[in-house]
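This report concerns only the one structure given below.
Values below: every heavy atom of this structure, side chains too, minus hydrogens, waters and symmetry copies. Everything numeric here is computed off the predicted structure, so don't read it as measured data. We name chains A, B, ... by the order of the sequence lines, and we start the count at 1 in each one.
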Number of protein chains: 2
Amino acid sequence: MTEAERIKIAIVDDHTLFRSGVTALMSEFDELKVVFEASNGQQMQQLLLKSELPQVVLMDINMPVMDGYEATAWLKIHHPKIMVLALSMYEDDKAVIKMIKSGACGYVLKQSKPRELLEAIQSVVQKGVFINEIVSGKLIRSISSNPDELKLSARELEFLKLCCSEMSYKEIADQMFVSPRTVDNYRESLFQKLNLKTRSGLVLYAIKNEIFKL
Amino acid sequence: MTEAERIKIAIVDDHTLFRSGVTALMSEFDELKVVFEASNGQQMQQLLLKSELPQVVLMDINMPVMDGYEATAWLKIHHPKIMVLALSMYEDDKAVIKMIKSGACGYVLKQSKPRELLEAIQSVVQKGVFINEIVSGKLIRSISSNPDELKLSARELEFLKLCCSEMSYKEIADQMFVSPRTVDNYRESLFQKLNLKTRSGLVLYAIKNEIFKL
DNA sequence: TTTTAGTAGGGTGTTTATACGGTATTAAAT
DNA sequence: ATTTAATACCGTATAAACACCCTACTAAAA
């Protein structure tokens, strides 16, 4: 395999051991060449200026400074030819969808074998996408279950976050500078939209949907 | 460096890419020899029978089948000479403490550089421990804040889990086959022990402390 | 053997939460 | 120009949650 035929890749992940490990593994494949590794999206931006351009970027999702979603979206605008392959630990529905929406061409789990990752990279270069059961399944579900997309107003969201506390509704009303009757409406509106009946239900919903972060 | 002088290590982690990556990286160090890699504690047990015994095991925490806590505790009983170095992504107070309690000699983050990991391994073999800021800090805090160790009874825990729902206390009482007055006692007892005042507080506590899993 | 902790139960309150009935204003959408 | 959605507010209920008083049994600990 000649130098020109090798697929040029970059790795963006904040876990140095993982990043270096993947670099070591991928470098062993004759078909690949690692042009740089970065610990977050911002560092990636800087390295793109100095380094040879990669064809594929292996992108972690959770990173400090600039995460995978941002970094992928940025690449789509500034380097549309560079393909992004999301590399994550969890097959979390929302994460998969969000990375695809941000512009990733595929989603590979960290549980994968080195050769599987190579195949995913090759698929992205040749076909433009890498679709496995993880991605296809989530995508179908996200589309089929989307019609009733709930929209909570800004005020309702604010109220919902405050519910995740020991404050009474009266105290929440004070905090939000509205009358207790008004927070009653927020509550009832949320109960109806979310099909809930109790404050505990609100708390659980907010946490499950990451509206309130622990 | 002769064969006998090399430190024999094993890696236990369910993320194949990470595991293989670390193996590749550590194999490059002349001072080390990777004798096996396993994807969880159970597989480690099997490989210990077939393979050369490692001196140090790099142990992930979250794994399917048998996690890092169990595997470390098992090693302390069946192979007390093998040192365990916890290898985790998060510097979560409880995780650190729990791994040390299970018998780990040190705690290294996946954000570390390859050479740092090598140094940690060497420290474990030479000194028996690897103490860095992560571990020492958490340990001190865990000791200083431990005297009032809360003990919730089995019944209280059961009640606390049921609170993480939309059930009323009356319904919880039915579920637990006790009178509503009795669940009042569980609630008040928890309020006192946990210094809480509301059911929302109970829900948040249960989730934060992983008594209720989402 | 007395004490302590856990379990289970009761009586009597007040406070909070929930349910359902309204009105009014504003800004954006049709 | 009218409708819709988001905002904010009020009254009157009942149901649930919370507070504080108490007894009693059992098993383990001091």
Side-chain angles (χ1 to χ4, degrees), chain A residues 145-214, chain B residues 145-214:
Chain A
S145 68
N146 238 11
D148 59 329
E149 203 180 318
L150 305 160
K151 272 173 199 160
L152 306 185
S153 75
R155 223 57 180 133
E156 282 167 350
L157 277 175
E158 194 183 340
F159 166 74
L160 188 47
K161 284 176 197 165
L162 292 173
C163 280
C164 300
S165 73
E166 293 215 279
M167 274 190 276
S168 71
Y169 289 133
K170 191 179 175 317
E171 289 169 323
I172 293 175
D174 288 344
Q175 188 89 26
M176 292 180 73
F177 303 107
V178 293
S179 92
R181 313 304 176 128
T182 302
V183 305
D184 281 354
N185 288 339
Y186 297 149
R187 183 189 58 229
E188 310 232 8
S189 168
L190 287 174
F191 280 172
Q192 208 212 317
K193 286 182 184 175
L194 308 176
N195 194 28
L196 297 173
K197 290 190 311 250
T198 65
R199 175 149 174 190
S200 300
L202 288 178
V203 174
L204 291 164
Y205 176 89
I207 295 173
K208 277 182 191 160
N209 293 278
E210 292 173 56
I211 289 160
F212 177 79
K213 281 128 195 133
L214 289 173
Chain B
S145 68
N146 236 11
D148 59 330
E149 202 180 318
L150 308 160
K151 273 172 198 162
L152 306 185
S153 74
R155 222 58 179 133
E156 283 167 349
L157 276 174
E158 194 183 341
F159 166 74
L160 188 47
K161 284 176 198 166
L162 292 172
C163 280
C164 301
S165 73
E166 294 216 278
M167 274 189 278
S168 70
Y169 289 134
K170 192 178 174 314
E171 289 168 323
I172 292 175
D174 289 346
Q175 188 89 23
M176 291 180 74
F177 302 108
V178 293
S179 93
R181 312 304 176 130
T182 303
V183 305
D184 280 353
N185 289 338
Y186 297 150
R187 183 188 57 228
E188 310 239 4
S189 168
L190 288 174
F191 280 173
Q192 208 212 316
K193 288 183 183 174
L194 307 176
N195 194 28
L196 297 173
K197 289 189 311 248
T198 65
R199 176 149 173 190
S200 300
L202 288 179
V203 174
L204 291 164
Y205 177 88
I207 294 173
K208 276 182 192 162
N209 293 276
E210 292 174 51
I211 288 159
F212 177 78
K213 280 127 196 132
L214 288 172

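Between A:Arg187 and A:Asp184 there is a salt bridge, with a side-chain nitrogen of the basic residue lying less than 4.0 Å from a carboxylate oxygen of the acidic one. Electrostatic pairing of A:Glu158 and A:Lys161 does not count as a salt bridge here, judged by no charged N lying under 4.0 Å from a carboxylate O.
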Can you give one letter per nucleotide of nucleotides 11-30 of chain C, 5' to 3': B if a protein heavy atom sits under 4.0 Å from the base, S if only from the sugar-phosphate, - if neither?
BB----SBBB----------

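Counting heavy atoms from C-beta on, the side chains of A:Arg155 and A:Val178 come closer than 4.5 Å.
Between the CD atom of B:Glu166 and the P atom of D:dA15 there is a distance of 18 Å, rounded to whole Å. In this entry the distance linking CZ of A:Phe159 with C1' of D:dA6 reads 16 Å, nearest Å. Here C:dG9 presents its P atom at 9 Å from CZ of B:Arg155, a figure rounded to the nearest Å. When the C1' atom of D:dA19 is taken as reference, atom CG of B:Leu190 falls 15 Å away, rounded to whole Å. The separation between B:Glu156 atom CD and C:dA8 atom P is 11 Å, rounded to whole Å.
The main-chain N or O of B:Ser168 is found under 3.5 Å from a side-chain atom of B:Glu171 such that the two form a donor-acceptor pair.
Residue A:Ser153 places at least one side-chain N or O closer than 4.0 Å to OP1 or OP2 of D:dT7.
Contact annotation for B:Thr182: base contact, defined as any heavy-atom pair under 4.0 Å involving a base atom.
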Residues B:Lys170, B:Asp174; criterion side-chain contact (heavy atoms from CB on, under 4.5 Å); working and verdict:
CA-CA 6 Å; B:Lys170 192 178 174 314; B:Asp174 289 346; 3.9 Å; yes

For B:Leu194 and B:Leu152, what are the C-alpha separation, side-chain angles and deciding distance, and is it a side-chain contact (heavy atoms from CB on, under 4.5 Å)?
CA-CA 10 Å; B:Leu194 307 176; B:Leu152 306 185; 4.3 Å; yes

